[in-house]
Amino acid sequence: YLASGTLNITGGTIGGTSSNDKNDAGLNGGGIYVAGGTLNMSGGTITGNTADNGAGVYFAGDTFTMSGTALISANKGSVITGSGFGVYLESGTFTMSGGTISKNTISDHRGTSGGGVYVGGGEFKMVADENGAYGTISENVATFGGGVHVANDGKFTMSAGVISANRGQEYSNYGANYGGGGYVNGG
């Protein structure tokens, strides 16, 4: 939990692959919850965490940058109406110029939004860094926007990067799936 200040992640793992390693938040931010301040992630892994929203990262701070070899992967939403299993952006600015957000999902996809990134507020930007490197959002699953879901007053700008192999997965009784790569509802 970060209330203010700066958190720099350059290596290591938050979470894990066994039930003993994972972090579980009842509501928001299974791996990291940022309520204020700055998160810089240029390396390391956030994996195997669970939460209703933002199983990997729930961000309501000022500035979040993701670059280099940073990995947010295999986090799971814990309710059927959850959002942003990799990253949930409530406010502030999230700039992705490297790293990967992949394989974030939930077992029951009915009504879920933004398997990779959910932009409910603030601004999400995918850009190239000074060396031409860029980020990737891939293999995430949700009913609405497997890769990215933009809602409410959220903004999304993409000038570089890859969004691929994401799925808007239909739930058998729900009857619909929308936007494998992205879904915009508001914003």
Side-chain angles (χ1 to χ4, degrees), residues 1-16 21-79 81-102 104 112-130 133-137 140 145 148-161 186-187:
Y1 181 84
L2 179 66
S4 63
T6 301
L7 174 60
N8 296 311
I9 300 173
T10 59
T13 300
I14 296 173
D21 296 337
K22 74 176 186 166
N23 299 299
D24 186 8
L27 187 57
N28 299 323
I32 299 175
Y33 187 115
V34 179
T38 299
L39 173 60
N40 298 312
M41 187 176 181
S42 61
T45 301
I46 298 173
T47 188
N49 302 291
T50 60
D52 294 356
N53 300 297
V57 176
Y58 188 94
F59 192 83
D62 300 320
T63 305
F64 175 13
T65 60
M66 185 172 176
S67 61
T69 59
L71 177 63
I72 299 174
S73 181
N75 297 287
K76 282 196 153 189
S78 55
V79 297
T81 57
S83 299
F85 309 128
V87 175
Y88 186 111
L89 180 63
E90 178 182 311
S91 61
T93 302
F94 172 24
T95 303
M96 182 179 190
S97 63
T100 301
I101 299 173
S102 67
N104 299 287
T112 61
S113 301
V117 179
Y118 179 83
V119 185
E123 183 175 10
F124 174 39
K125 300 187 281 188
M126 290 184 76
V127 300
D129 71 8
E130 63 277 358
Y134 49 81
T136 299
I137 299 174
N140 301 287
V148 177
H149 182 145
V150 181
N152 307 318
D153 294 325
K155 294 180 178 127
F156 174 48
T157 304
M158 181 177 181
S159 60

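These values consider heavy atoms only, across backbone and side chains, with no hydrogens, waters or symmetry-generated copies.
A pairwise comparison of heavy atoms in S113 and H149 identifies CB-ND1, 3.2 Å as the closest pair. Smallest separation of non-hydrogen atoms from S97 and S67: OG-CB, 3.6 Å. Heavy-atom minimum distance, A51 versus G29: CB-N, 3.9 Å. Nearest approach of I72 to G56, heavy atoms of both residues: CG2-CA, 4.4 Å.
In this structure a side-chain-to-backbone donor-acceptor pair under 3.5 Å is present from N49 to I14. For the pair N75 (side chain) and N104 (backbone), a donor-acceptor distance under 3.5 Å is absent.
Atom OG1 of residue T93 and atom NZ of residue K155 lie 9.5 Å apart, to the nearest 0.5 angstrom. For the atom pair CG of L89 and OG of S83, the computed distance is 12.5 Å after rounding to the nearest 0.5 Å. Between atom CE of residue M66 and atom CG of residue L71 there is a gap of 6.5 Å, rounded to the nearest 0.5 Å. Note that CD of E90 is 9.5 Å distant from CG of N53, once rounded to the nearest 0.5 Å. The NZ atom of K76 sits 10.0 Å away from atom OG1 of T50, with the distance rounded to the nearest 0.5 Å. Between the CD1 atom in I137 and the OG atom in S102 there is a gap of 10.5 Å [rounded to 0.5 Å].
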Let me have the donor-acceptor pairs involving side chains of residues 31-45, under 3.5 Å, with sequence neighbours excluded, atom names and distances please.
unit_1: N40; atom_1: OD1; unit_2: T65; atom_2: OG1; d: 2.8
unit_1: N40; atom_1: ND2; unit_2: N8; atom_2: OD1; d: 2.9

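Contact check for M96 versus I101: side-chain heavy atoms found under the 4.5 Å cut-off. Within the 4.5 Å cutoff, the side chain of M158 has no heavy atoms near those of the V148 side chain.
Exactly one residue among F94, Y118, Y88, F64 makes a ring pair (Phe, Tyr, Trp, His ring centres under 6.0 Å) with F124. That residue is F94.
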